[in-house]
Amino acid sequence: YAMSSVEGWGGLSQAQPEPQKADDLDILYGRLFKSQEGQKVLSHLRQITIEQPSWFPGEDPSQGYFREGAADLVRLIIKRVERSDNV
């Protein structure tokens, strides 16, 4: 959080981080997943990971860890695709 000259809580504002510059791998992710076919694949990956519950009652907790790991991989792809715009 960043402070301004305003006193109290009104002086706090959420600092906006500088966008990270894309590296070569980010650019490759962008080329792949920004294509029409790549968008379809990425949409499918979101549906089967991020948009699904990580854990269901009665399951072994390790299943939740596994699903969350798969969703995290899709989040990494999405972040690299977003970063590919920051050339």
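Both backbone and side-chain heavy atoms feed into the values below; hydrogens, waters and symmetry mates do not. The structure displayed is predicted, hence computed values, not measured ones. Count residues from 1 along the sequence.
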Would you call Glu51 and Val74 a side-chain contact if the rule is heavy atoms closer than 4.5 Å?
no
Hey, quick one: are Ile78 and Val41 part of the same hydrophobic cluster, counting side-chain heavy atoms closer than 4.5 Å, chains of contacts allowed?
yes
Side-chain heavy atoms of Lys79 within contact of Leu76, under 4.5 Å
no
Between Ile27 and Ile77, is there a shared hydrophobic cluster once you connect ILVMFWY residues whose side-chain heavy atoms come closer than 4.5 Å?
no
Measuring from atom CZ of Arg83 to atom NZ of Lys21, what distance do you get when rounded to the nearest 0.5 angstrom?
13.0 Å
Would you say NZ of Lys40 has more than 12 non-hydrogen atoms from neighbouring residues, nucleotides or ligands within 6.0 angstrom?
no
Salt-bridge test for Asp23 and Arg80: reply yes if a basic N is under 4.0 Å from a carboxylate O, no otherwise.
yes
Taking atom CG of Leu42 and atom CG of Leu32, what is their separation to the nearest 0.5 Å?
9.0 Å
Any chance you could lay out the side-chain contact (heavy atoms from CB on, under 4.5 Å) test for Asp26 and Gln20, step after step, and finish with the verdict?
CA-CA 11 Å; Asp26 295 334; Gln20 281 188 319; over 6 Å; no
Can you tell me how far OG of Ser84 sits from CG of Asn86, rounded to the nearest 0.5 angstrom?
8.0 Å
Partners meeting side chain to side chain contact (heavy atoms under 4.5 Å, CB included) with Leu28 (sequence neighbours left out)
Leu25, Arg31
CZ of Arg67 to CG of Asp72, rounded to nearest 0.5 Å, is 15.5 Å
For Asp60, does the CG atom sit with more than 12 other heavy atoms under 6.0 Å from it, leaving out its own atoms?
yes
Sidechain N-carboxylate O distance under 4.0 Å for Arg75, Glu82
no
